[in-house]
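Worksheet: the structure to be examined is printed underneath.
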Amino acid sequence: MIPSSTKHPSTEWAGLPIAIPSSLFFAREVEISTNRESKESPSGSESPAMATVKTKVKTGPAQASMQKMSARVLFYSLLLTLQYGVQPLISKRCIRREVIVTTSVLTCELAKVIFALIFMAKEGTLKKLSSQWTLVGSLTASGLPATIYALQNSLLQISYRNLDSLTFSMLNQTKIIFTALFTYIILRQRQSMQQIVAVFLLILAAVFLSIGEGSSKRSSSGDPDHILFYGIVPVLVASVLSGLASALCQWASQVKKHSSYLMTIEMSIVGSLCLLASISKSPDGEAIRQHGFFYGWTPLTLIPVIFNSLGGILVGLVTSHAGGVRKGFVIVSALLVTAMLQFIFEGKPPSLYCLIALPLVVSSISIYQKYPYQVKKKEV
């Protein structure tokens, strides 16, 4: 949960402020301040305190709007938590090893476009698209992130198949390190000393997971190099790419005021074009030409594909409203969901190294969220 010291209601995911008591206290504050200032102020003049009271009254609707936005972010975050936690398990259970990675990625991107268009039509923004959309603005906001996310999705699909669900999820959490780094580079959002310490704790957890995954798989598969290069390395590279793309998307939505649904559509189209361009020379392209696009697919394959597409839309919404780094709470919750589901459905308790790394991951992300950087007066 986000601590109560967070100063921005729009980024509070822990819950909504208590509106009724606060409004009563606020009304009492206005009444007392008004009576006092009316006696002390000279005739025909307005004291600074009265100006402050009027400002507070005027910001009432804005505060209600921020509370509504906080509830919306909380809802999006809960849904994204479930999607993150369930995705590794359903991918391993529903996607056969024969399925060509590129086909599942392309189908997922198509599903994102369909769902985003439906949501835009529902909120009434689809009609304005023809008059407001420009090619230059689209490429500026979505072109580079789309290319990055397309590569990231392929790496994640590879890693899904070569790591157990909990290890994959925990390693995937290192994306918060790179999100914070690229957010500072692109948006100049600084980190506090506590947040820097949290980043190092998370790196230490990733080291433990790498050692534990290699040692635990060695006895069963006898090929730790395969686990390292086809499981651990892809998910870590995907985390770096995720951090970069998340910072770019946050810049586009918060600075350029680009709609998250529109970004989803643009990024899916651009990413799909990049994948299609690489098919001619890739092993997946050869496999598609030899066996067909839907080789290895079953009706169950659509389940993780649809889940992943909805998760992509939720990521855009959370990033747009709360920022990329704030997804850390979603990541922690998803980690716990994955651990619980893996134990329930697979009967597989986490390894010793995972047990050591788990509190490091949870504490590091919690510290990062609890101690944000405080802007100094000189900087203001």
Side-chain angles (χ1 to χ4, degrees), residues 72-73 76 79-80 83-84 87 101-157 175 178-179 182-183 185-187 238-279 282 305-327 330:
R72 186 178 301 176
V73 170
Y76 294 153
L79 291 180
L80 187 57
Q83 189 273 328
Y84 269 163
Q87 188 68 43
V101 173
T102 301
T103 63
S104 61
V105 174
L106 287 173
T107 308
C108 178
E109 297 302 322
L110 176 61
K112 286 182 187 179
V113 173
I114 295 173
F115 285 126
L117 288 173
I118 293 173
F119 294 143
M120 289 183 69
K122 186 176 181 181
E123 68 177 12
T125 58
L126 187 60
K127 297 180 180 179
K128 304 177 183 178
L129 186 60
S130 59
S131 60
Q132 297 179 353
W133 184 88
T134 62
L135 179 60
V136 176
S138 173
L139 293 177
T140 302
S142 307
L144 183 57
T147 306
I148 294 173
Y149 273 129
L151 178 58
Q152 179 212 359
N153 285 334
S154 296
L155 291 172
L156 289 179
Q157 292 291 336
K175 66 179 69 175
F178 306 106
T179 301
F182 289 114
T183 300
I185 294 174
I186 297 174
L187 298 173
S239 296
V240 176
L241 297 177
S242 175
L244 175 58
S246 180
L248 291 173
C249 290
Q250 185 176 343
W251 170 81
S253 61
Q254 296 180 358
V255 178
K256 294 296 184 179
K257 305 301 181 182
H258 220 58
S259 167
S260 62
Y261 292 135
L262 181 58
M263 284 190 64
T264 298
I265 295 173
E266 294 171 344
M267 291 170 60
S268 295
I269 293 175
V270 175
S272 298
L273 292 176
C274 292
L275 278 180
L276 290 173
S278 65
I279 279 181
S282 67
V305 170
I306 293 175
F307 264 72
N308 201 18
S309 63
L310 292 173
I313 293 178
L314 289 171
V315 166
L317 291 171
V318 173
T319 302
S320 176
H321 294 302
V325 179
R326 293 293 178 181
K327 289 186 297 182
V330 174

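Nothing fancy with the numbering, it's 1 onward along the sequence. Excluded from the calculations below are hydrogen atoms, water molecules and symmetry mates; all remaining heavy atoms, backbone and side chain alike, are included.
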Would you please name every residue forming a side-chain hydrogen bond (donor to acceptor under 3.5 Å, both in side chains) with [X], sequence neighbours left out?
| X | value |
| --- | --- |
| Ser104 | none |
| Gln152 | none |
| Ser268 | Glu109 |
| Thr103 | Trp297 |

Set of residues satisfying side chain to side chain contact (heavy atoms under 4.5 Å, CB included) with respect to Leu117, sequence neighbours excluded: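 If we apply the side chain to side chain contact (heavy atoms under 4.5 Å, CB included) test to Leu117, skipping adjacent residues, the hits are Val113, Leu126, Ile265.
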On a heavy-atom basis, which atom in [X] and which in [Y] lie closest, and how many Å separate them?
| X | Y | result |
| --- | --- | --- |
| Leu275 | Ser154 | CD2-OG, 4.0 Å |
| Leu248 | Pro145 | CB-CG, 3.7 Å |
| Lys112 | Thr264 | CB-CG2, 4.0 Å |
| Ser260 | Gly316 | CB-O, 3.7 Å |
| Thr179 | Ser246 | CG2-OG, 3.9 Å |

I want to check something: taking the side chain as every heavy atom from C-beta on, are [X] and [Y] in contact at a cut-off of under 4.5 Å?
| X | Y | value |
| --- | --- | --- |
| Met263 | Cys249 | yes |
| Leu244 | Phe178 | no |
| Val105 | Thr102 | no |
| Leu262 | Thr125 | no |
| Gln83 | Leu310 | no |

If you round to the nearest 0.5 Å, how far is [atom2] of [Y] from [atom1] of [X]?
| X | Y | atom1 | atom2 | answer |
| --- | --- | --- | --- | --- |
| Leu110 | Phe115 | CG | CZ | 10.0 Å |
| Leu276 | Ile279 | CG | CD1 | 5.0 Å |
| Leu156 | Ser242 | CG | OG | 8.0 Å |

For Phe307, look at atom CZ and say whether over 12 heavy atoms of other residues, nucleotides or ligands are found less than 6.0 Å away.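 It does not: Phe307 CZ has 12 such atoms or fewer within range.
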Taking only residues two or more places apart in sequence or in another chain, which ones pass ring pair (Phe, Tyr, Trp, His ring centres under 6.0 Å) with Phe182?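 Applying ring pair (Phe, Tyr, Trp, His ring centres under 6.0 Å) to Phe182 gives none.
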